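Report on one structure; see the data block that follows.
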Amino acid sequence: NRISQMSSELMSPVHGFSQQTQRLGMNIISSYMQANFLYDKDATEDARDQAEAAVAKIVYKRGQNIVREGEPVTHAQYLMLEELGLIRKEGVDWRILSGLIAFTLLILSTTALCLMLFERETLADIRRFSVLCLIHLLVLLTAWGANQIHPSLQPMGMGVLLVAVLINRRSALILNMLWAVIAAFLSGGGRSGISTGALALTASVLVSGTLGIYIVSHSPQRTTFLYAGAAMGVVGAVILGAFDLMSRIGWEPLLLSMAMGLAAGIVASFFAIGTMPMWESVFGLVTPMKLLELANPNQPDRSAAGFYQE
(Lines give C-alpha, C1' and ligand atoms only; values in the text may rest on other atoms or scores of the structure.)
Protein backbone atom coordinates (compact mmCIF):
# COMPACT_ATOMS: atom_id res chain seq x y z
CA ASN A 1 0.00 0.00 0.00
CA ARG A 2 2.83 2.39 0.84
CA ILE A 3 4.62 1.60 -2.46
CA SER A 4 1.44 2.25 -4.41
CA GLN A 5 0.99 5.53 -2.57
CA MET A 6 4.55 6.65 -3.39
CA SER A 7 4.05 5.76 -7.05
CA SER A 8 0.84 7.77 -7.21
CA GLU A 9 2.49 10.79 -5.60
CA LEU A 10 5.41 10.57 -8.04
CA MET A 11 3.12 10.50 -11.08
CA SER A 12 0.86 13.27 -9.76
CA PRO A 13 1.10 16.56 -11.69
CA VAL A 14 0.85 18.45 -8.44
CA HIS A 15 4.55 17.90 -7.67
CA GLY A 16 5.62 19.09 -11.12
CA PHE A 17 8.11 16.27 -11.89
CA SER A 18 9.16 15.93 -15.53
CA GLN A 19 8.39 12.75 -17.42
CA GLN A 20 12.07 11.76 -17.36
CA THR A 21 12.19 12.19 -13.58
CA GLN A 22 8.96 10.22 -13.19
CA ARG A 23 10.31 7.31 -15.25
CA LEU A 24 13.52 7.32 -13.23
CA GLY A 25 11.65 7.31 -9.97
CA MET A 26 9.40 4.45 -11.09
CA ASN A 27 12.43 2.37 -12.09
CA ILE A 28 14.02 2.92 -8.70
CA ILE A 29 10.82 2.04 -6.84
CA SER A 30 10.14 -1.10 -8.84
CA SER A 31 13.76 -2.32 -8.73
CA TYR A 32 14.91 -1.62 -5.17
CA MET A 33 11.78 -1.29 -3.01
CA GLN A 34 9.71 -4.30 -1.97
CA ALA A 35 6.74 -4.56 0.35
CA ASN A 36 7.65 -6.15 3.67
CA PHE A 37 3.99 -6.40 4.84
CA LEU A 38 1.54 -8.41 2.75
CA TYR A 39 -2.13 -8.96 3.58
CA ASP A 40 -2.84 -12.65 4.18
CA LYS A 41 -6.62 -13.15 4.35
CA ASP A 42 -6.50 -16.74 5.66
CA ALA A 43 -3.97 -15.91 8.37
CA THR A 44 -6.01 -12.89 9.42
CA GLU A 45 -9.20 -14.93 9.73
CA ASP A 46 -7.38 -17.62 11.73
CA ALA A 47 -5.97 -15.02 14.09
CA ARG A 48 -9.42 -13.46 14.54
CA ASP A 49 -10.98 -16.84 15.30
CA GLN A 50 -8.26 -17.64 17.82
CA ALA A 51 -8.78 -14.28 19.54
CA GLU A 52 -12.54 -14.87 19.77
CA ALA A 53 -12.02 -18.38 21.15
CA ALA A 54 -9.63 -17.05 23.79
CA VAL A 55 -12.30 -14.73 25.23
CA ALA A 56 -14.40 -16.43 27.93
CA LYS A 57 -18.14 -16.23 27.28
CA ILE A 58 -20.04 -14.42 30.05
CA VAL A 59 -23.51 -15.83 30.81
CA TYR A 60 -26.03 -14.16 33.14
CA LYS A 61 -28.91 -16.24 34.48
CA ARG A 62 -32.37 -14.77 35.01
CA GLY A 63 -32.53 -13.10 38.40
CA GLN A 64 -28.76 -12.47 38.52
CA ASN A 65 -27.52 -8.90 38.79
CA ILE A 66 -25.52 -7.62 35.83
CA VAL A 67 -24.46 -4.42 37.55
CA ARG A 68 -25.53 -2.78 40.79
CA GLU A 69 -26.45 0.85 41.32
CA GLY A 70 -23.39 3.02 41.92
CA GLU A 71 -20.90 0.54 40.44
CA PRO A 72 -18.84 1.40 37.35
CA VAL A 73 -20.14 -0.26 34.17
CA THR A 74 -17.62 -2.21 32.10
CA HIS A 75 -17.76 -2.42 28.33
CA ALA A 76 -18.92 -6.06 28.50
CA GLN A 77 -21.71 -5.16 30.94
CA TYR A 78 -22.81 -2.29 28.74
CA LEU A 79 -23.01 -4.59 25.71
CA MET A 80 -25.05 -7.08 27.73
CA LEU A 81 -27.47 -4.39 28.89
CA GLU A 82 -27.73 -3.09 25.33
CA GLU A 83 -28.48 -6.59 24.01
CA LEU A 84 -31.26 -7.00 26.59
CA GLY A 85 -32.81 -3.70 25.53
CA LEU A 86 -32.16 -2.02 28.89
CA ILE A 87 -30.14 0.90 27.50
CA ARG A 88 -32.23 3.92 26.64
CA LYS A 89 -30.80 5.52 23.55
CA GLU A 90 -31.68 8.87 22.06
CA GLY A 91 -34.25 8.67 19.31
CA VAL A 92 -36.83 6.00 18.52
CA ASP A 93 -36.17 2.50 17.25
CA TRP A 94 -38.81 2.47 14.54
CA ARG A 95 -38.43 -1.24 13.86
CA ILE A 96 -39.31 -2.20 17.43
CA LEU A 97 -42.07 0.42 17.59
CA SER A 98 -43.57 -0.71 14.27
CA GLY A 99 -43.49 -4.36 15.32
CA LEU A 100 -45.07 -3.55 18.67
CA ILE A 101 -47.86 -1.53 17.06
CA ALA A 102 -48.54 -4.21 14.46
CA PHE A 103 -48.64 -6.99 17.07
CA THR A 104 -50.87 -4.95 19.38
CA LEU A 105 -53.32 -4.20 16.56
CA LEU A 106 -53.36 -7.87 15.62
CA ILE A 107 -54.17 -8.97 19.19
CA LEU A 108 -56.84 -6.30 19.65
CA SER A 109 -58.47 -7.01 16.30
CA THR A 110 -58.47 -10.75 17.00
CA THR A 111 -60.09 -10.18 20.38
CA ALA A 112 -62.68 -7.85 18.88
CA LEU A 113 -63.43 -10.38 16.13
CA CYS A 114 -63.92 -13.18 18.67
CA LEU A 115 -66.28 -11.01 20.70
CA MET A 116 -68.27 -10.05 17.59
CA LEU A 117 -68.54 -13.67 16.48
CA PHE A 118 -69.36 -15.29 19.82
CA GLU A 119 -70.59 -12.50 22.08
CA ARG A 120 -72.87 -10.29 20.01
CA GLU A 121 -75.43 -10.15 22.79
CA THR A 122 -72.83 -8.85 25.22
CA LEU A 123 -71.66 -6.17 22.80
CA ALA A 124 -75.27 -5.14 22.12
CA ASP A 125 -76.04 -4.80 25.85
CA ILE A 126 -74.69 -1.38 26.87
CA ARG A 127 -74.51 -2.30 30.56
CA ARG A 128 -72.56 -5.52 30.05
CA PHE A 129 -70.33 -3.94 27.44
CA SER A 130 -69.57 -1.07 29.85
CA VAL A 131 -68.70 -3.56 32.58
CA LEU A 132 -66.43 -5.42 30.16
CA CYS A 133 -64.55 -2.23 29.24
CA LEU A 134 -64.20 -1.09 32.86
CA ILE A 135 -62.89 -4.47 34.01
CA HIS A 136 -60.38 -4.45 31.13
CA LEU A 137 -59.21 -0.97 32.11
CA LEU A 138 -58.99 -2.01 35.77
CA VAL A 139 -56.89 -5.05 34.87
CA LEU A 140 -54.48 -2.94 32.79
CA LEU A 141 -53.99 -0.37 35.55
CA THR A 142 -53.50 -2.90 38.33
CA ALA A 143 -51.22 -5.01 36.12
CA TRP A 144 -48.99 -2.03 35.45
CA GLY A 145 -48.84 -1.20 39.16
CA ALA A 146 -48.20 -4.80 40.21
CA ASN A 147 -45.45 -5.12 37.63
CA GLN A 148 -43.54 -2.38 39.47
CA ILE A 149 -43.42 -4.71 42.47
CA HIS A 150 -42.67 -8.01 40.69
CA PRO A 151 -43.41 -9.28 37.15
CA SER A 152 -45.02 -12.47 38.50
CA LEU A 153 -47.56 -10.51 40.56
CA GLN A 154 -50.11 -10.18 37.76
CA PRO A 155 -53.79 -9.53 38.66
CA MET A 156 -55.29 -11.05 35.50
CA GLY A 157 -57.08 -13.64 37.65
CA MET A 158 -59.21 -10.88 39.14
CA GLY A 159 -60.42 -9.93 35.69
CA VAL A 160 -61.29 -13.43 34.52
CA LEU A 161 -63.21 -14.19 37.72
CA LEU A 162 -65.26 -11.01 37.45
CA VAL A 163 -66.00 -11.43 33.75
CA ALA A 164 -66.90 -15.11 34.16
CA VAL A 165 -69.54 -14.28 36.77
CA LEU A 166 -70.76 -10.83 35.66
CA ILE A 167 -70.81 -11.54 31.92
CA ASN A 168 -70.25 -15.17 30.97
CA ARG A 169 -67.58 -17.84 30.67
CA ARG A 170 -66.93 -17.38 26.95
CA SER A 171 -66.10 -13.67 27.28
CA ALA A 172 -63.76 -14.49 30.15
CA LEU A 173 -61.89 -17.06 28.05
CA ILE A 174 -61.47 -14.60 25.18
CA LEU A 175 -60.16 -11.81 27.42
CA ASN A 176 -57.94 -14.24 29.29
CA MET A 177 -55.99 -14.86 26.07
CA LEU A 178 -55.58 -11.11 25.55
CA TRP A 179 -54.42 -10.57 29.13
CA ALA A 180 -51.91 -13.41 28.84
CA VAL A 181 -50.21 -11.58 25.97
CA ILE A 182 -50.29 -8.30 27.89
CA ALA A 183 -48.66 -10.00 30.89
CA ALA A 184 -45.83 -11.18 28.63
CA PHE A 185 -45.22 -7.65 27.34
CA LEU A 186 -45.31 -6.16 30.83
CA SER A 187 -42.67 -8.64 31.98
CA GLY A 188 -40.26 -7.36 29.32
CA GLY A 189 -41.00 -9.63 26.38
CA GLY A 190 -41.61 -6.66 24.10
CA ARG A 191 -38.21 -5.07 24.68
CA SER A 192 -35.77 -7.77 23.72
CA GLY A 193 -37.77 -10.52 22.06
CA ILE A 194 -39.57 -13.46 23.61
CA SER A 195 -37.86 -14.36 26.89
CA THR A 196 -38.35 -17.38 29.12
CA GLY A 197 -39.98 -15.18 31.74
CA ALA A 198 -42.50 -13.86 29.21
CA LEU A 199 -43.39 -17.39 28.12
CA ALA A 200 -43.76 -18.46 31.74
CA LEU A 201 -46.16 -15.63 32.51
CA THR A 202 -48.18 -16.31 29.36
CA ALA A 203 -48.56 -19.98 30.25
CA SER A 204 -49.34 -19.16 33.88
CA VAL A 205 -52.09 -16.65 33.03
CA LEU A 206 -53.64 -18.92 30.38
CA VAL A 207 -53.75 -22.09 32.44
CA SER A 208 -54.59 -20.60 35.84
CA GLY A 209 -57.18 -18.25 34.33
CA THR A 210 -58.91 -21.10 32.49
CA LEU A 211 -59.00 -23.13 35.71
CA GLY A 212 -60.47 -20.21 37.67
CA ILE A 213 -63.17 -19.68 35.03
CA TYR A 214 -64.14 -23.34 35.20
CA ILE A 215 -64.38 -23.35 39.02
CA VAL A 216 -66.56 -20.24 39.42
CA SER A 217 -68.76 -21.20 36.46
CA HIS A 218 -69.68 -24.59 37.92
CA SER A 219 -70.24 -23.48 41.50
CA PRO A 220 -71.84 -20.00 41.61
CA GLN A 221 -71.18 -19.10 45.24
CA ARG A 222 -69.13 -16.26 46.67
CA THR A 223 -66.98 -18.61 48.71
CA THR A 224 -66.05 -20.32 45.44
CA PHE A 225 -63.94 -17.29 44.64
CA LEU A 226 -61.59 -18.28 47.46
CA TYR A 227 -61.19 -21.82 46.13
CA ALA A 228 -60.69 -20.51 42.62
CA GLY A 229 -58.09 -17.98 43.77
CA ALA A 230 -56.17 -20.60 45.73
CA ALA A 231 -56.23 -23.02 42.79
CA MET A 232 -55.12 -20.30 40.39
CA GLY A 233 -52.31 -19.28 42.71
CA VAL A 234 -51.03 -22.83 43.15
CA VAL A 235 -51.14 -23.65 39.44
CA GLY A 236 -49.56 -20.33 38.51
CA ALA A 237 -46.78 -20.81 41.05
CA VAL A 238 -46.05 -24.34 39.80
CA ILE A 239 -45.83 -23.15 36.16
CA LEU A 240 -43.56 -20.25 37.06
CA GLY A 241 -41.36 -22.53 39.15
CA ALA A 242 -41.12 -25.08 36.34
CA PHE A 243 -39.96 -22.45 33.86
CA ASP A 244 -37.49 -21.08 36.40
CA LEU A 245 -36.05 -24.55 36.92
CA MET A 246 -35.56 -24.91 33.17
CA SER A 247 -33.83 -21.51 33.16
CA ARG A 248 -31.47 -22.74 35.92
CA ILE A 249 -31.81 -19.63 38.03
CA GLY A 250 -30.97 -19.47 41.71
CA TRP A 251 -33.29 -20.78 44.42
CA GLU A 252 -33.95 -17.36 45.91
CA PRO A 253 -35.45 -15.75 42.76
CA LEU A 254 -37.24 -19.03 41.96
CA LEU A 255 -39.00 -19.14 45.34
CA LEU A 256 -39.78 -15.42 45.14
CA SER A 257 -41.37 -15.86 41.71
CA MET A 258 -43.48 -18.77 42.96
CA ALA A 259 -44.56 -16.84 46.04
CA MET A 260 -45.64 -13.90 43.91
CA GLY A 261 -47.57 -16.20 41.59
CA LEU A 262 -49.38 -17.74 44.56
CA ALA A 263 -50.12 -14.33 46.04
CA ALA A 264 -51.48 -13.09 42.70
CA GLY A 265 -54.20 -15.73 42.65
CA ILE A 266 -55.22 -15.25 46.29
CA VAL A 267 -55.26 -11.44 46.09
CA ALA A 268 -57.29 -11.62 42.87
CA SER A 269 -59.98 -13.73 44.54
CA PHE A 270 -60.30 -11.37 47.52
CA PHE A 271 -60.50 -8.36 45.23
CA ALA A 272 -63.18 -10.05 43.12
CA ILE A 273 -65.26 -10.93 46.17
CA GLY A 274 -64.96 -7.42 47.58
CA THR A 275 -65.97 -5.63 44.38
CA MET A 276 -68.70 -8.03 43.22
CA PRO A 277 -71.57 -6.30 45.13
CA MET A 278 -70.51 -2.95 43.65
CA TRP A 279 -70.72 -4.26 40.08
CA GLU A 280 -74.08 -5.86 40.79
CA SER A 281 -75.64 -2.79 42.37
CA VAL A 282 -74.17 -0.06 40.16
CA PHE A 283 -74.96 -1.76 36.86
CA GLY A 284 -78.05 -3.67 38.02
CA LEU A 285 -76.66 -7.05 37.04
CA VAL A 286 -78.27 -10.23 38.34
CA THR A 287 -75.61 -12.91 38.66
CA PRO A 288 -76.09 -16.60 39.53
CA MET A 289 -74.59 -15.86 42.94
CA LYS A 290 -77.15 -13.11 43.54
CA LEU A 291 -79.99 -15.41 42.54
CA LEU A 292 -78.82 -18.06 45.02
CA GLU A 293 -78.74 -15.47 47.79
CA LEU A 294 -82.22 -14.22 46.92
CA ALA A 295 -83.54 -17.78 46.90
CA ASN A 296 -82.12 -18.49 50.35
CA PRO A 297 -85.09 -18.65 52.81
CA ASN A 298 -82.81 -17.81 55.73
CA GLN A 299 -82.43 -14.24 54.50
CA PRO A 300 -84.35 -11.93 56.92
CA ASP A 301 -85.80 -9.54 54.31
CA ARG A 302 -87.13 -11.93 51.67
CA SER A 303 -90.78 -11.03 52.35
CA ALA A 304 -90.14 -7.40 51.49
CA ALA A 305 -88.68 -8.47 48.19
CA GLY A 306 -91.85 -10.39 47.31
CA PHE A 307 -90.54 -13.90 47.76
CA TYR A 308 -93.05 -14.68 50.49
CA GLN A 309 -96.60 -13.59 50.63
CA GLU A 310 -98.64 -13.77 53.79
Side-chain angles (χ1 to χ4, degrees), residues 85 96-97 99-116 119 122-123 125-192 194-195 197-210 212-213 216 225 228-229 232-233 236 240 257 260-261 263-276 278-279 282-283 285:
I96 296 179
L97 182 60
L100 180 60
I101 293 175
F103 187 75
T104 302
L105 291 177
L106 176 63
I107 294 299
L108 292 177
S109 59
T110 303
T111 305
L113 179 62
C114 291
L115 290 174
M116 287 188 292
E119 292 299 325
T122 300
L123 297 180
D125 189 334
I126 186 62
R127 290 185 305 169
R128 293 182 181 275
F129 182 68
S130 300
V131 170
L132 208 62
C133 294
L134 287 175
I135 292 177
H136 180 61
L137 180 60
L138 180 64
V139 168
L140 293 181
L141 292 176
T142 53
W144 179 83
N147 189 66
Q148 309 304 312
I149 302 174
H150 195 278
S152 299
L153 190 63
Q154 294 296 335
M156 280 60 181
M158 168 198 66
V160 297
L161 293 179
L162 288 174
V163 174
V165 176
L166 293 172
I167 309 299
N168 55 48
R169 179 172 55 185
R170 202 157 42 189
S171 296
L173 289 172
I174 294 173
L175 287 178
N176 188 45
M177 293 186 290
L178 172 63
W179 292 333
V181 177
I182 293 176
F185 270 90
L186 287 175
S187 69
R191 292 178 302 188
S192 57
I194 301 177
S195 64
L199 289 175
L201 271 179
T202 302
S204 175
V205 172
L206 280 176
V207 178
S208 63
T210 303
I213 294 170
V216 296
F225 276 106
M232 292 167 62
L240 292 173
S257 178
M260 290 298 174
I266 297 176
V267 172
S269 65
F270 277 102
F271 192 91
I273 292 177
T275 60
M276 181 64 68
M278 180 196 70
W279 297 103
V282 172
F283 292 94
L285 299 176

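When a residue number appears, it is its place in the shown sequence, counting from 1. Since the structure is predicted, the reported quantities are computational estimates derived from the model, not experimental observations.
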> Which residue pairs satisfy the salt bridge (charged side-chain N to carboxylate O under 4.0 Å, His left out) criterion with at least one member in residues 138-165, sequence neighbours excluded?
Replying inline: none
I'd like a table of donor-acceptor pairs (distance under 3.5 Å, sequence neighbours excluded) in which one partner is a side-chain atom from residues 128-141, with atom names and distances.
{"unit_1": "Arg128", "atom_1": "NH1", "unit_2": "Leu166", "atom_2": "O", "d": "2.8"}
{"unit_1": "Ser130", "atom_1": "OG", "unit_2": "Ile126", "atom_2": "O", "d": "2.6"}
{"unit_1": "His136", "atom_1": "ND1", "unit_2": "Trp179", "atom_2": "NE1", "d": "2.9"}

> So do the side chains of Met177 and Thr110 get within less than 4.5 Å of each other, counting heavy atoms only?
Replying inline: no
>> If you compare all heavy atoms of Gly157 against all heavy atoms of Met232, which two are closest, and at what distance to 0.1 Å?
In response: CA-CE, 3.1 Å
> Taking only residues two or more places apart in sequence, or in another chain, which ones meet Val165 in a side-chain contact (heavy atoms from CB on, under 4.5 Å)?
Replying inline: Val216, Phe225, Met276, Thr287, Met289
> Which pairs, with at least one residue in residues 174-185 and sequence neighbours excluded, count as a salt bridge (charged side-chain N to carboxylate O under 4.0 Å, His left out)?
Replying inline: none
>> side-chain contact (heavy atoms from CB on, under 4.5 Å) for Ile167 and Leu162? Distances and angles first, verdict last.
In response: CA-CA 8 Å; Ile167 309 299; Leu162 288 174; over 6 Å; no
> salt bridge (charged side-chain N to carboxylate O under 4.0 Å, His left out): which pairs involve residues 146-160, sequence neighbours left out?
Replying inline: none
> Which pair of heavy atoms, one from Leu206 and one from Ala180, lies closest together, and at what distance?
Replying inline: CG-CB, 3.7 Å
> Is a side-chain donor or acceptor of Ser208 paired with a backbone partner of Ser204 at a separation under 3.5 angstrom?
Replying inline: yes
>> Quick check: closest heavy atoms across Ala268 and Met158, and the distance to 0.1 Å?
In response: CB-N, 3.2 Å
> More than 12 heavy atoms of other residues, nucleotides or ligands under 6.0 Å from CZ of Phe283: is that the case?
Replying inline: yes
> What are the two closest non-hydrogen atoms of Leu161 and Ser269, and how far apart are they?
Replying inline: CD1-CA, 4.0 Å
>> Per the salt bridge (charged side-chain N to carboxylate O under 4.0 Å, His left out) rule, what does the pair list look like for residues 130-147, sequence neighbours excluded?
In response: none
>> Ignoring hydrogens, what is the shortest heavy-atom contact between Ile213 and Ala164? Give both atom names and the distance.
In response: CG2-CB, 4.2 Å
>> Would Leu240 and Met260 count as a side-chain contact (heavy atoms from CB on, under 4.5 Å) here? Give the steps.
In response: CA-CA 10 Å; Leu240 292 173; Met260 290 298 174; over 6 Å; no
>> If I take atom CD1 from residue Ile182 and atom OG1 from residue Thr202, how far apart are they, to the nearest 0.5 angstrom?
In response: 11.0 Å
> What's the shortest heavy-atom distance between Met156 and Ala143, and which atoms?
Replying inline: CE-CB, 3.8 Å
> Can you name the residues that form a side-chain contact (heavy atoms from CB on, under 4.5 Å) with Ala264, not counting sequence neighbours?
Replying inline: Leu153
>> Applying salt bridge (charged side-chain N to carboxylate O under 4.0 Å, His left out), can you list everything that pairs with Arg170, at least two apart in sequence or on another chain?
In response: Glu119
